[in-house]
Asker: 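Let me give you the structure first, and then I'll get to my questions.
Ligands are counted one by one from 1 in listed order, and the atoms in each one are counted from 1 as well. Numbering starts at 1 and runs along the sequence shown.
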Amino acid sequence: MNYKKNLMDKFVNRSARIGIVGLGYVGLPLAVAFAEAGFEVYGVDIDHEKVSCVQRGESHIQDIPSSQVARLVQNGKLHASTDFAVFADLDTASICVPTPLRKTGDPDVSYILAATKELSKYMHPGMVVVLESTSYPGTTREILLPELGENHSLVAGEDFFLAFSPERVDPGRKDWTTMTTPKVIGGITQNCSDVAAAYYAQALERIVPVSSAEAAEMTKLLENTFRMINIGLVNEMALMCGRLGIDVWEVIEAASTKPFGFMKFTPGPGLGGHCIPIDPLYLSWKLKSVKYTARFIELASEINTYMPRHVMSMVQDALNSVGKPVKGMKILALGVAYKPDIDDLRESPALDIIGLLMQKGAEVMYHDPHAPIIRQDPHYDLPEMYCVLDLMAAVRSADCVVIITNHSSYDYAAILDQAQLIVDTRNALGKFGRSHPKVFTL
Ligand SMILES: NC(=O)c1ccc[n+]([C@@H]2O[C@H](COP(=O)([O-])OP(=O)(O)OC[C@H]3O[C@@H](n4cnc5c(N)ncnc54)[C@H](O)[C@@H]3O)[C@@H](O)[C@H]2O)c1
């Protein structure tokens, strides 16, 4: 059987049956993109709650409306299951499981391993498997190929097709979506690349093929390392400007007028999200195995990791300016998601900042229109916390308000008017705030 031709035909005539492993921030939008393109899609997740949510026609991802999921489920295009056995009858598997760090800071590929082992039980000739989870170069060839290919005597590029394609989704973004963002794909062999590219081309607007799975894996790491290092640089600029008494925001605004050779990054309270603080460490870990130290990554990571402590010392300075200690003071943390207008708290620097302030004896409350609850988290030394109900009453009662995430729904003029003291880590209050005596801007 010519599996390549068979699959290519199925993609074109929409008879291919699509499988997605992991229905999170990456997997659900991808499943929806394929279902919208006219394919029958099965999403498999070990999380019963997420699966039942999709089965009920609801979305747990802010960027995907429940009405869209409901329509696709009703039309029979989108299914969700906790049972990997569905893969016995599917043609594709796109793996979108988490890739966090261990406590030691080393990559945790246990989710990829677990998902691959489960998938392996239902592996059959003629399947295309694409890993989307960000990982170190070599993951697809070293972890997936032996389990899915060699264990079943299936030859990659002949009997089945294996590739890596990094997800580039940016939660909350409206101008670029899973469907419109160009998709880099690199296969284990040329045939693998061809089939994986044909698979994704059915649902996504532009495919960018590269010569190998490793090149695709490294592309994602370059993108995220670029961001992490530039954020580290601009955070250090903020620290340096602070020492020199220069307004870093004015400097950035002025530098941004250069029409070429400069790209604007802004300082903040630290890195957050599932990608930027973590992915570059996958690369530096891999490099250690070939006795190479990824110096830029380590340095930027050190600076970015320090930022929550810097914010805490800004709060101390602000309170000190009015003769108050941190201990026993009421602090209101405004915005706890890792970036504006989203509900994702993963790796958010707000969690570090709240934990540090609590350790110093402050009475911390928080407000975030997107996060009704902060779950108890021993990693950050945090108890379970609930969003304050009356924002402006909390603003008035707080000895200090710390703007951690600059959600667009906040009325910053009213907050400035009614707060006693403000630490603004995002320049949310702008030029006026920077010159205001009760505002301490990063
Ligand atoms: N979130 C982003 O903005 C983003 C952007 C680009 C790339 N990525 C990368 O994509 C990958 C997935 O990230 P995410 O944000 O979608 O994570 P997520 O936590 O939102 O979703 C992952 C899903 O996988 C499920 N899962 C875990 N183990 C499983 C298993 N063995 N079998 C089936 N399902 C399993 C989880 O229950 C969860 O629903 C990560 O490698 C991440 O680095 C994420």
Asker: Any atoms of ligand 1 less than 4.0 Å from a non-hydrogen atom of A115? List them with their elements.
Answerer: 31 (N)
Asker: Identify, by atom number and element, the atoms of ligand 1 in contact range of V21, meaning under 4.0 Å from any of its heavy atoms.
Answerer: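 Those of ligand 1 that fall under 4.0 Å from V21 are 32 (N), 33 (C).
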Asker: For H60 and L23, indicate whether the former's side chain and the latter's backbone hold a donor-acceptor pair under 3.5 Å.
Answerer: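 Yes; at least one donor-acceptor contact below 3.5 Å.
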Asker: Please classify the C96 to ligand 1 contact at 4.0 Å (heavy-atom distances, strictly less than): side chain, backbone, both or neither.
Answerer: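 The backbone, only.
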Asker: Run through V21, T139, T140 and flag the one making a side chain to side chain contact (heavy atoms under 4.5 Å, CB included) with I112.
Answerer: T139
Asker: Could you list the atoms of ligand 1 found under 4.0 angstrom from a heavy atom of P171?
Answerer: 3 (O)
Asker: Do me a favour and list the nearest non-hydrogen protein atom to atom 21 (O) of ligand 1 with residue, atom name and distance?
Answerer: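 Residue, atom and distance for the closest contact: G24 CA, 3.2 Å.
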Asker: Run down the list H60, E132, K50 and name the one with the heavy atom closest to atom 38 (C) of ligand 1.
Answerer: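 Answer by nearest heavy atom: K50.
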Asker: Using a strict 4.0 Å threshold on nitrogen-to-oxygen distance, state whether D175 and R173 make a salt bridge.
Answerer: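 Yes, D175 and R173 are salt-bridged.
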Asker: If you measure from atom 28 (N) of ligand 1 to every heavy atom of L28, I61, I46, which option wins on shortest distance?
Answerer: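 The option holding the nearest heavy atom is I46.
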Asker: How close does the nearest protein non-hydrogen atom get to atom 13 (O) of ligand 1, and which residue and atom is it?
Answerer: H274 CD2, 3.5 Å
Asker: Only heavy atoms count here, so choose which of D63, I276, V97 is nearest to atom 26 (N) of ligand 1.
Answerer: V97
Asker: Check the pair Y200, F34 against ring pair (Phe, Tyr, Trp, His ring centres under 6.0 Å), reporting the backbone distance first and the verdict last.
Answerer: CA-CA 8 Å; Y200 276 73; F34 276 104; 5.7 Å; yes
Asker: Please answer whether the main-chain N or O of A294 pairs with a side-chain N or O of E298 as donor and acceptor at a distance below 3.5 Å.
Answerer: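 Here the side-chain-to-backbone pair does not exist.
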Asker: Side chain to side chain contact (heavy atoms under 4.5 Å, CB included), that's the test. Do S59 and Q68 meet it? Break it down for me.
Answerer: CA-CA 8 Å; S59 168; Q68 190 177 21; over 6 Å; no
Asker: Could you tell me whether R102 and D108 make a salt bridge, using a distance below 4.0 angstrom between a side-chain N and a carboxylate O?
Answerer: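 A salt bridge is present here (some side-chain N lies under 4.0 Å from a carboxylate O).
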Asker: Could you see which bit of C275 sits under 4.0 Å from ligand 1, with heavy atoms only: side chain, backbone, both or neither?
Answerer: side chain
Asker: Measuring centre to centre across the rings, with the benzene-like ring taken for any Trp, is Y122 within less than 6.0 Å of F84?
Answerer: no
Asker: Below 3.5 angstrom, do we get any N/O pair linking V26 and ligand 1?
Answerer: yes
Asker: With a cut-off of 4.0 Å, which atoms of ligand 1 are near a heavy atom of V169?
Answerer: 2 (C), 3 (O), 4 (C), 5 (C)
Asker: Taking 4.0 angstrom as the limit and counting only heavy atoms of Y111, give me the atoms of ligand 1 inside it, by number and element.
Answerer: 27 (C), 28 (N)
Asker: In ligand 1, which numbered atoms sit nearer than 4.0 Å to a non-hydrogen atom of S133?
Answerer: 11 (C), 41 (O)
Asker: Counting only heavy atoms, which portion of R346 has something under 4.0 Å from ligand 1: side chain, backbone, both, or neither?
Answerer: side chain
Asker: At a 4.0 Å threshold, what atoms of ligand 1 neighbour a non-hydrogen atom of G22?
Answerer: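 What qualifies from ligand 1 is 23 (C), 24 (O), 25 (C), 34 (N).
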Asker: In this structure, is the centre-to-centre distance between the rings of Y338 and H274 below 6.0 Å?
Answerer: no
Asker: Nearest to atom 43 (O) of ligand 1, what protein heavy atom do you find, and at what distance?
Answerer: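 The closest heavy atom on the protein side is T134 OG1, 3.4 Å.
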Asker: Got the closest protein heavy atom to atom 39 (O) of ligand 1, with its distance?
Answerer: D45 OD2, 2.6 Å
Asker: Under the criterion side chain to side chain contact (heavy atoms under 4.5 Å, CB included), I'd like the reasoning laid out for V195 against Y3: C-alpha separation, chi angles, the key distance, then a yes or no.
Answerer: CA-CA 10 Å; V195 172; Y3 292 115; over 6 Å; no
Asker: Counting N and O atoms only, with roles assigned by atom type, does the side chain of R71 sit under 3.5 Å from a partner on the main chain of G57, one being a donor and the other an acceptor?
Answerer: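 Pair absent, no side-chain N/O of R71 close to backbone of G57.
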Asker: Tell me whether D47 has any N or O atom under 3.5 angstrom from an N or O of ligand 1.
Answerer: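 In this structure, D47 places no N or O atom under 3.5 Å from an N or O of ligand 1.
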Asker: Any nitrogen or oxygen of E167 lying under 3.5 Å from a nitrogen or oxygen in ligand 1? Just yes or no.
Answerer: no
Asker: For R309, is the CZ atom crowded, meaning more than 12 foreign heavy atoms sit under 6.0 Å from it?
Answerer: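 No.
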Asker: What do you reckon, does E118 put a non-hydrogen atom under 4.0 Å from ligand 1?
Answerer: no
Asker: For atom 32 (N) of ligand 1, find the nearest protein heavy atom and state the residue, atom name and distance (0.1 Å precision).
Answerer: F84 CZ, 3.4 Å
Asker: I'd like to know if the side chain of S289 reaches the main chain of K286, judged simply by a donor and an acceptor atom lying under 3.5 Å from each other, with no hydrogens or angles considered.
Answerer: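 Yes, the answer is positive, given that a donor and an acceptor are paired below the 3.5 Å cut-off.
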Asker: Report yes if some N/O of T99 lies less than 3.5 Å from some N/O of ligand 1; otherwise report no.
Answerer: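 Right, the criterion is met.
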Asker: Under a 4.0 angstrom heavy-atom cut-off, which atoms of ligand 1 come close to K220?
Answerer: 6 (C), 7 (C)
Asker: Evaluate whether atom CD of E250 has more than 12 neighbouring non-hydrogen atoms of other residues, nucleotides or ligands under 6.0 angstrom away.
Answerer: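 Not buried by this count: 12 neighbours or fewer within 6.0 Å.
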